Amino acid sequence: MTTPAPSLEAIPYHEALAAGQLLLQACDDCGALRHPPSPMCPHCQSVRVRWQRSAGVGTVHSAVTVHHTTTPRYRERTPYTVLTVALDDGVRLLAPLDFDVQIVPPIGARVALHFVPQTDGQLLPLFKNFP
Amino acid sequence: MMRTLNRSAALTGAAELGYQRGVSEFSTLSLQLQAGLAAARDAGVAPSEIDGVIAMSSGSALAEDFVQAFGIRDLRFSAMVPMGGASPVAALQLAAAVIQAGICRHVLLPTGRDGRGGDATTRIAQLQVFRGVAEFEMPLGAFSAPQLYAAMARRHMHEYGTLSTDFAEIAVAMRHHATTQPNALLRKPITIEDHQNSRMIADPFRLLDCCIDNAGAAAVLVSAPDVARDLARPPVWLAGAAEGHPDSPLSITQRPDLTRLGAAKAADRAFAMAGIGRADIDVACIYDCFTYVVLCQLEDLGFCAKGEGGPFVRGGALKVGGRLPVNPHGGAMSQAHMVGMNHIVEMVRQLRGEAANQVAGARHGLVSGYGDLGDGTVAILCKDTA
């Protein structure tokens, strides 16, 4: 499986994420946040955007623990959990829970994003329990 | 005059062939041509008389391939409906509209797969509707359909107290039907305990919550009302049809209510068109890529209230003879995965009265499709009563 080329509108998001920062796209006219990045504001249809940094803190909305995957990069990490998190900013973000955490935070628990270097040098955004 | 698709078209031919695990001796293109030919022959329609083709959106068999192979002299309509497992039922609506508009008299809906296209994860990553998932979520650990859809199931369990054993009821009922369905791929009976002991895939989904993957083909022919009764088999009438797309259709993660599918928007439209109610449905073929998707659709289609899907399916309620017989052919969970075309084929057989697991006296049936990230399609079919 190959990762597709980033969409033009999302390049700032991908660049920031690779550098260890979560950037969210906001409408430069009405201010509404949206995720994932897209070409048009769903509230006012503006195509003007600005980027704002997110603390990556939020509440668990759903959780899936993956026990079986055919994806080589993730096979050795099973079982791992992918969280759907309602960020305090107002959009949701899907990202894994720290791979070494065995206890899955329940729906409603507070979590925070941090960036953890992987063996290939890539910074991966992972959620951890919010202290 | 109010325009409606009610009885604007009939399903006149149905066929399926070659369900098998692994790889078919035939190509995907060959399988679809063979299934299309079998559907036309079932109807008693010469293949060259087909004047419309709604091809699979994978592009594996084009309308032009049918022109070539069937000797169609004047193909008047071709289209694709890219809605994954919701496509075949969506294509019923489209075929009926095209027939009602007077464009076509016989529209063929083929599906087929030879088993060589790579695993399901590879296939969905190539679908256009998954491009956002592929760009933003696959790099963060959610790759496959069970991993993406399990988030909806988890949320349903949290909000409504739905149990894993409720999912098990669905798997057990589908398998129960498959044990007496001659062309079903999985025919060994299972129990709720077997489901609970099956290995975890993407918690809360266990192995027995997942449908199978296989080669094979299926097709139906949709015909104009003025010719439908003159053909080889009793027509099965289209009474209602609708499609619905969930909020945030490209991202489950951002969907305001994770437990509400496109079917919730389509259902009332289809029932209003058919002029009947839920209690009139004698048998249902519900798209069953995962057990939870059946449970959620039963709610969204209005067979029970939101959150009541668990109690609704308990005690074998979905078996033939139960409260609402669902997938008497065994469905994608136990008969075969043919993007839901096999569900339409089964409903045609039920309403002709010739199904392997026949629901006695079935007059009205509902077929649903579910595809991509939550698109929903509904068709209400009825037995010919002339």
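Because only heavy atoms are used, hydrogens play no part in the values below, and waters and symmetry mates are left out as well, while side chains stay in. Please read all numbers here as calculations on a predicted model, not as lab measurements. Just so it is clear: chains get the letters A, B, ... in the order the sequence lines come, proteins before strands, and each one is counted from 1.
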So, the part of P79(A) with a heavy atom under 4.5 Å from chain B: the answer is neither
Check: Near R110(A) CZ, under 6.0 Å, is it more than 12 heavy atoms from other residues, nucleotides or ligands?
Finding: yes
Under 4.5 Å to a heavy atom of chain B? For V91(A) that would be both
* Spell out, as yes or no, whether a donor-acceptor pair under 3.5 Å connects the side chain of R73(A) to the backbone of G141(B). => no
The reported gap from CZ in R255(B) to NE2 in H61(A) (rounded to nearest 0.5 angstrom) is 11.0 Å
Among residues 147-159 of chain B, those lying within the under-4.5 Å heavy-atom range of chain A are Q147(B), A150(B), A151(B), R154(B), R155(B), H158(B)
Near E193(B) CD, under 6.0 Å, is it more than 12 heavy atoms from other residues, nucleotides or ligands? no
Applying a strict 4.5 Å limit to non-hydrogen atoms, the region of H14(A) in contact with chain B is side chain
Under 4.5 Å to a heavy atom of chain B? For T70(A) that would be side chain
Rounded to the nearest 0.5 Å, the CG atom of L93(A) sits from the CG atom of L140(B) at a distance of 7.0 Å
Expected contact set for residues 195-213 of chain B against chain A at heavy-atom separation under 4.5 Å reads R199(B), M200(B), I201(B), A202(B), D203(B)
### Query
Is the F143(B) ring parallel, tilted or perpendicular to the Y74(A) ring (thresholds 30°, 60°)?
perpendicular
**Asked** Counting distance only, does the side-chain N/O of E135(B) pair as donor-acceptor with the main-chain N or O of S7(A) below 3.5 Å?
**Response** yes
Are more than 12 heavy atoms, taken from residues, nucleotides or ligands other than Q45(A), located less than 6.0 Å from that residue's CD atom? yes
Of all heavy-atom pairs linking L124(A) and P139(B), the shortest is CD1-O, 4.1 Å
Under 4.5 Å to a heavy atom of chain A? For S144(B) that would be neither
Closest non-hydrogen atoms of R92(A) and L258(B), given as atom of the first, atom of the second and distance, are NH1-CD2, 4.0 Å
To the nearest 0.5 Å, atom CD of Q254(B) lies from atom OG1 of T84(A) at 9.0 Å
